[in-house]
Each structure stands twice: as C-alpha cells, then as structure tokens.
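To keep things clear, I will list the structure first and then write my remarks on it.
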There are 2 protein chains.
Amino acid sequence: MPKKQSGQTGAAVAALDYDVIHAGDCIEVMQSLPAESIDLIFADPPYNLQLKGELHRPDNSRVDAVDDAWDRFASFEAYDAFTRAWLTAARRLLKPDGAIWVIGSYHNVFRLGAALQDGGYWLLNDVIWRKSNPMPNFRGKRLTNAHETLIWAAKSEGSKYTFNYEAMKALNDGVQMRSDWTIPLCTGSERLKTATGEKAHPTQKPEALLHRVMVASTRPGDVVLDPFFGTGTTGAVAKRLRRRFIGIEREADYRAVAEARLAAIRPTDSEAVAVTTSKRAEPRVAFGVLVERGLLAAGETLVSMNGRHAARIRADGTLVASEVRGSIHQVGAALEGAPSCNGWTYWHFRRDGAIVPIDFLRQQIRAEMQE
Amino acid sequence: MPKKQSGQTGAAVAALDYDVIHAGDCIEVMQSLPAESIDLIFADPPYNLQLKGELHRPDNSRVDAVDDAWDRFASFEAYDAFTRAWLTAARRLLKPDGAIWVIGSYHNVFRLGAALQDGGYWLLNDVIWRKSNPMPNFRGKRLTNAHETLIWAAKSEGSKYTFNYEAMKALNDGVQMRSDWTIPLCTGSERLKTATGEKAHPTQKPEALLHRVMVASTRPGDVVLDPFFGTGTTGAVAKRLRRRFIGIEREADYRAVAEARLAAIRPTDSEAVAVTTSKRAEPRVAFGVLVERGLLAAGETLVSMNGRHAARIRADGTLVASEVRGSIHQVGAALEGAPSCNGWTYWHFRRDGAIVPIDFLRQQIRAEMQE
DNA sequence: GAGATCGCTGAATCCGCGA
DNA sequence: CTCGCGGATTCAGCGATCT
C-alpha cells in the first residue's frame, strides 16, 4: 500500500542532484540515494543472451553480436540474484505512487517479470516493442525475433500511478493506445558512433520508445531514474520533455558519450510539452484539411511507408487505390490486410525528392492552430 | 540432451490411444501415459493468479484460496508449484526432439517462462498473438491489453525440433515469419455456444492461432497433446491438418462440447496438408555425379557468380584454381576469402552463350531421381 | 541533379550428417 | 563424444556511389 511521504524524506529528496550521471555499480548507488524520491524508473538491464559461437549472414558477413562482459552470467540463479537485488534497491527509491518500466527479450524477460511480481511490484501492462526493421533469422531455424517486451509496473497494488490516457490516445490518432508499439530500431544518425565509427553502445534504444514511455507515465518535472544508463537515451528524452533524470552507469566510456549527448539537447518549448501530456487531446486535424489548404493536391499520389502501395487523393480527403476507397486509415488497412492502420504515419508524399509522412503536414497545421 | 527412444518405450507408445479426450486432472493423466511418445504439446493453462479458479499442489490437493494482498507471495508460490508440476509431467512425455507451446498473459506468462527455463526446456521464441480486435480498456487506466504471449520451447538445448521454415515464409507472403502474429479473437460462428446461447468456454482460442502453431512446428501424423483441452480447439485443428491429438480435460461440460465439435471435423485433403519443403530435405547430390554423367566435362572451366574468378573441373569432381584445389565449396570460399561458400550457387558454366549456375544441373539430376 | 544500385548493419540463445 | 565438411541461409533502412 502506498505510504504518505514523510517530511524527512521530503528533505532528503531536496538534497538529490538531478540531471546527473552517477558512476558505479547501480545497486550500490541506488542504496546511497534517498528513499521514495523517484517518480519513474526505466531499466534496460543486461539480457543474459548466452550466445555461443559466431554467426554469419548468408553473404558471409559476420554479425556483430553482444559479447560484452557485462552481459555474461554464470547461471540463471546468478542472473536472478542480480535481478532481485537491483529491483529491491530500485523499489526503495520509488515514491509510493511511482512506477517502473523494464525491457527485455525472451532470454531474460520472464525472469524479470517473475522477480517484479515476487518483489511486491504490481504489473500494469506488458508492452510489445514491435520492431519494424528487425534483424532476420539468418539460418532459417526459428521465427524472426522481431520484438522486445517491456513491463510496466506500479510500486504496489494500490498505487495511484500516472497514466496520461488522453495523451496516449492522441498519439494513436484518437483511439486507445494498445499494448503493442511499432517503432523502428535505433539506426542512422540517431545511432551514436565512436571516433572510429563503431557503435558507441551495442544496444542503444530508440528515443521514440522512451518518448512514448515518458509521455504515457510521467508529468513535466518528474524525476526519472535509469540504473543502466548506457549512452543516455533516457536522459536525452527526459531533458527534451522537461523531466529530470538521474543516470547510473558503470562504464566510463558510456558515461562520456552520454555527457556529450546530453549537453547538446535543448528542452522542448514548455507549452508543447504541456500540450502533449495534458488531459486535452491534441487538436484533431482531418486529412481533408490538408487538401483544402493546398498542402496536398487532389489527384496527387501517396505512397505507403513500405513503398508497396500507392493511392490517389480525392478532393474530399478520401483516397482511391485499386478497388479500395475510403479514409487514409481504411485504405491503408485494406491494402495491408491489417485490421487497422494509422494513415498519418503510413502514407507518404514526395517533396523535393524526399519521401515525407503526411503526419509532417498535420504537425504544420497544428502549429498554426496554436498561434 | 535428447536420448534415444528405448524399445520398451516404443512398445508403450504403440499402446497409446490417439484422437481421444481423457477425463481427469492433467498431471495424473500425463503421469499415466508412456514417456517420450509425444511430438508436440500445446498448453493453455489457467491464467489464474488471483485464485478465482481452483489451484492444485503437485500432490493434487486443492489449494485453499487466499486472495489477501499480504498473501500474494504464497499465491504465486502455489501457482508456481502447479506450473512446475505439470511442466515436469509434460516434459517426460515429449520425444527427445519434441517441443511445447504455452500461452499466457502478463498475469502468468512470466512465471510460465521462468518455469520452462528452470525445468530444462530450451526457449526458441516468444511469440506475440497480436489481437486485431481486442477488448478496449473501459476505464482508461491502462493501455488496451491487445496481445497475449506464446512461448515455443524445445525439450532440451540440443533438440532437433521441427520448424517448417519454408511453410511459414510462404504464409507470410514470401518473407520470413516474424515473432508477432496478427490474428483476430475467436468470435462469430467459430465461437462455441451453449444451448442457452452463452459462450461454452470463457477463453476459447481461435483456430487460426493453432493452425499457425501446427503448420510451423509439426508434420502430418505427429502426435499433439493438449493437457488443458477445453472445448478442443487443438484437437479440431489437429484433425483437420491430419495430425493426431490427445486431449485432457477435467470438466465434463467442456469435454461434451469438444466431442461434438470434433465429430463434425473433416480432415483436409492430404495433399493440401503437405507443406513446402526446404532444400535441406531434398536428396543430396555430389558434384562429381554431374561430371560422371557428362553434364559437365572434366577440363571445362567454371566462373564465379561475380565473374571475378574461374576454376577448372577435374575428373574426380574437384576444382582447381590458381593455387587452390578442393571441393566446389572449398575453392569458392578460398577465392572469396569467406568462411564458407555454397558452391552450387557460386559457380556458373556457359551454355549457348548464357551463364548458368551449376545448381541448375543438380535440379535436373534430382528430377531424374524422382522418376 | 535525379534515380538506381550497392554495401552495410541491427540485443541472435541460428546446421546436420557421417566417420 | 568430437571432428570434418557439405552446403543452406536475410529484411528494412540508410548512406554512399554510380549512371
């Protein structure tokens, strides 16, 4: 049951340093921090992958796998002991209405989930990060491992955890946010590299994932702790969304990369942050408005995200494809054979040689509406 | 490690009754069946946890339900004991190369997964059943719980489990099947009803889900056991796909519904049940046979796929290139500086001005072998 | 310059038979 | 059991290079 925060705890909280990266073992550092001082914990612990030999792609290139010492454990027992120790230290830090997110793959997530339940946390959802561009299964021996699992849990059964229902609904184009999130891997310019061009961290998470986590379950000003800070994705998103963060990271190399990254982040305009997380949904924009305003022309062709489909815009803001017509969502869903489809992110248009999602135009409209 | 099946076990297997539904507690019934007689187990155990249903200890005594918050630990313990007991009985029944699927939600799946790992099973994939039409979260306090999780595991780490890679790939429109499957809930006419119009079983699974499970991981004629048979979805799909099934169900009402359901199922035409085979399953052809049969001549020159290398054929079916000699694979790998090389697709020969892969000739030989 | 092509890469428990 | 070796196996996205 949630307890009221004592005055003493409040004083200790005031002594907390925010927006810092602590060096050292996460369990020891957490034990040194004041109890009940944290609103949200995001934890991306070692997965204990247990990889054996090397793996090559069909073109004979070698897969650069995670073989770092920090991911090696002697046994499930050893991994469980580690897991339960850091989860215990973490729970002490959470405010009574605080919550935690942990992420893992099938190698470790069942042990994480059981440890959370055994440790007194109260599970709220398991969330599937559905990767739009996973690495294939090169030997054809199993299904393509195309997702990872996040577990969202409150500190206790009765906790009044934060959930920004309307913000999630708005993010999902007006319908309730589901427990499966389709988000691409962290690649391209977002992926941090060393001076020699290697990836700075083997398992850097996409900022879009953390963005959704924080928009869902924190408020501006909340304190977010990441005990496995790595190169600081949690801190970067927290700073941008005007949350405060505390990172803990053992490896000096990762901390250095994170410090540089964070220094370059500018917080989002505070009104934009407030809008995203308020109970008010973002102003709804009909697709037809884009046509009315001439941002897209009737007769123009949109292409699907994957490039496999195309459709023509009609003057009333509906689309026509081969034998299908309807809203941007309906046509996308029909062409993909999917139950639903967010047309705003599915459909793209060409502008100056680039392929741009139509959601880009919606954001433009919304910006105008706020003035 | 897989053990060889003993003669005694073989005899006992012959005594197994197929396509039957056993009445009774699944642990007791499983303990009465012969060891190493089952190819695949599909299990949809109680999701339980808050002990709304009944729970049994390994000795089958009924657990006196306690649902107070303070006793949550004891409840998890009881659920774990039950889980580990039936998983142990199930593992004994599996052939050395057998496998299991279990399904659960976030309430129980973490305990299932950990119990599988602790029990010696080897996890192959966790698979997300992504519901296209989930029930909304009416109170808006959490994310819409839009998926369930299946775990696919082999009996042991070294098992040569069945995976019909090509069939899955075909089912997914020519690209590898991923670990997330979008399938609607069981509704409409597929949903079994009682005489009074109520649903016959609270958690009836869609046949499409079982269809994919069986096409992925069984062959025609395989024996599929379902220890929580319910209204017989596993049996229905097994019968239709010409697999054999064994069901175990405690509740007489469910068994009655399942019996009627199964009686109406007609097996699919046996040719339609055959799945796409992979190249691995095709008869092996030595390269030398092509020379023996005069499809290629000793002394003839082969060129590499990329045109950068050439090699001469010797009478014994080996190749010679500059300073390299050996099999078609070895020479290809050496010339490319690659760890391995599939000589069948790497090497090409000239015929009527065209460049043809030598694999074309292997296919000719294989076609002759089938006659 | 625009479009096509090529190369690279991502948390991976990734082969199987015969000697 | 190990060892040797034949030979089967990849999707999406980004960025650089080529036409």
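Please read these numbers as outputs of a predicted model, since none were measured by experiment. Quick note on labels: first sequence line is chain A, next is B, and so on, each numbered from 1.
The minimum heavy-atom distance between A:V109 and B:F110, with the atom names listed, is O-CD2, 3.5 Å.
A sub-4.0 Å separation between OP1 or OP2 of C:dA11 and a side-chain N or O of A:R191 is present. Contact check, A:K199 against C:dG10: a side-chain N or O comes under 4.0 Å of OP1 or OP2. OP1 or OP2 of D:dT10 has at least one side-chain nitrogen or oxygen of B:Y165 nearer than 4.0 Å. Distances shorter than 4.0 Å separate some side-chain N or O of B:S327 from OP1 or OP2 on D:dG6. Distances shorter than 4.0 Å separate some side-chain N or O of B:R362 from OP1 or OP2 on D:dA8. Neither OP1 nor OP2 of D:dG13 sits under 4.0 Å from any side-chain N or O of A:N133. Phosphate contact (OP1/OP2 of D:dT10, side-chain N/O of B:K169, threshold under 4.0 Å): present. Between C:dT13 and A:N145, a contact under 4.0 Å exists linking OP1 or OP2 to a side-chain N or O. Remark: B:H329 is in phosphate contact with D:dG7, judged by side-chain N or O atoms under 4.0 Å from OP1 or OP2. A sub-4.0 Å separation between OP1 or OP2 of D:dA8 and a side-chain N or O of A:R139 is absent. Close to C:dT13, at under 4.0 Å from its OP1 or OP2, lies a side-chain N or O of A:Y106.
Distances were taken from every side-chain heavy atom of B:R284 (C-beta onward) to each of D:dG7, C:dG10, C:dA12; the shortest belongs to D:dG7. Each of C:dA11, D:dG7, D:dT9 was ranked by its minimum atom distance to the side chain of B:S278; first place goes to D:dT9. Comparing D:dG6, D:dG7, C:dT13 by their nearest atom to the side chain of B:N342 picks out D:dG7. Listed nucleotides: C:dA12, D:dG7, C:dA11. Nearest to the side chain of A:L51: C:dA12. In this structure, the nucleotide among C:dT13, C:dA11, D:dG7 sitting nearest to the side chain of A:L185 is C:dA11.
Aromatic ring centres of B:W347 and B:F287 lie farther apart than the 6.0 Å criterion allows. Ring centers of A:F73 and A:F82: under 6.0 Å apart, within the cut-off. The aromatic ring centres of A:H56 and A:F138 sit 6.0 Å or more apart.
Taking the P atom of each, C:dC14 and D:dA12 are spaced 23 Å apart, rounded to whole Å. A distance of about 13 Å separates the C1' atoms of C:dG1 and D:dC18, rounded to the whole Å. Straight-line distance between the C1' atoms of D:dG6 and C:dA11: roughly 31 Å, to the nearest whole Å. Rounded to whole Å, the C1' atom of C:dT9 lies 12 Å from the corresponding atom of D:dT10. Annotation: D:dC1 and C:dG16 have their C1' atoms spaced 16 Å apart (nearest Å). D:dA8 and C:dG18 have their P atoms separated by 15 Å, with the value rounded to a whole Å.
Taking atom CD on A:E54 and atom C1' on C:dT9, their separation rounds to 16 Å, with Å as the unit. We find that NZ of B:K160 is positioned 16 Å from P of C:dC14, with the value rounded to whole Å. Note: CG (A:L209) to C1' (C:dA11) measures 13 Å, nearest angstrom. Look at CH2 on B:W347: it is 16 Å from C1' on D:dG6, rounded to the nearest Å. Rounded to whole Å, the distance from NZ on B:K279 to P on D:dA8 is 6 Å. One can place CG of A:N108 at 9 Å from C1' of C:dA11, the figure rounded to the nearest angstrom. Atom OH of A:Y79 and atom P of C:dT13 are 15 Å apart (whole Å). Separating the CE atom of B:M168 from the P atom of D:dT10 is a distance of 15 Å, rounded to the nearest angstrom.
Using a cut-off of 4.0 Å between Lys/Arg side-chain N and Asp/Glu carboxylate O, A:D180 and B:R130 are scored as salt-bridged. Note on B:R314 versus B:E300: no salt bridge recorded, every NZ/NE/NH1/NH2 to OD/OE distance being 4.0 Å or above.
Note on B:E282: nothing from the nucleic acid sits closer than 4.0 angstrom, heavy atoms only. As judged by a 4.0 angstrom heavy-atom cut-off over every strand, A:P184 is placed among residues making no nucleic acid contact.
Applying the 90° criterion around 0 to the glycosidic angle, C:dT13 comes out syn.
To the nearest 0.5 Å, atoms OG1 (B:T162) and NZ (B:K95) are separated by 9.5 Å.
Judged by atom type and distance alone, A:R57 does not reach the base of D:dT9 through any side-chain donor-acceptor pair under 3.5 Å. Under 3.5 Å, the side chain of B:T345 and the base of D:dA8 form no donor-acceptor pair of N or O atoms. Counting distance only, with no hydrogens placed and no angle test, the side-chain atoms of A:K141 and the base atoms of C:dA12 include no donor-acceptor pair under 3.5 Å.
A distance cut-off of 5.5 Å between ring centres, combined with a plane angle under 30°, leaves A:F138 outside any stacking arrangement with the base of C:dC14.
Across the interface with DNA chain D, nearest-nucleotide mapping of B:A286 and A:P136 shows B:A286 to be the residue nearer the 5′ end. Each of A:C186 and A:R142 lies near DNA chain C, and the nucleotide nearest A:C186 is the one positioned closer to the 5' end. Along DNA chain D, the nucleotide closest to B:R280 and the one closest to A:M305 are compared, and the more 5′ of them pairs with B:R280.
Remark: D:dA8 base-pairs with no nucleotide in the shown strands. Criterion, Watson-Crick or G-U wobble with two distances under 3.5 Å. When Watson-Crick and G-U wobble pairs are counted only if both distances are under 3.5 Å, D:dC14 pairs with C:dG7. Nucleotide D:dT19 forms a Watson-Crick or G-U wobble pair with C:dA2, both donor-acceptor distances falling under 3.5 Å. Pairing partner, C:dA12: none, since no Watson-Crick or wobble contact has both distances short of 3.5 Å.
Just one of A:T231, A:D44, A:T233, A:T234 meets the side chain to side chain donor-acceptor pair (under 3.5 Å) condition when paired with A:K205; it is A:D44.
Of the N and O atoms on the side chains of B:R308 and B:S304, not one donor lies less than 3.5 Å from an acceptor on the other residue.
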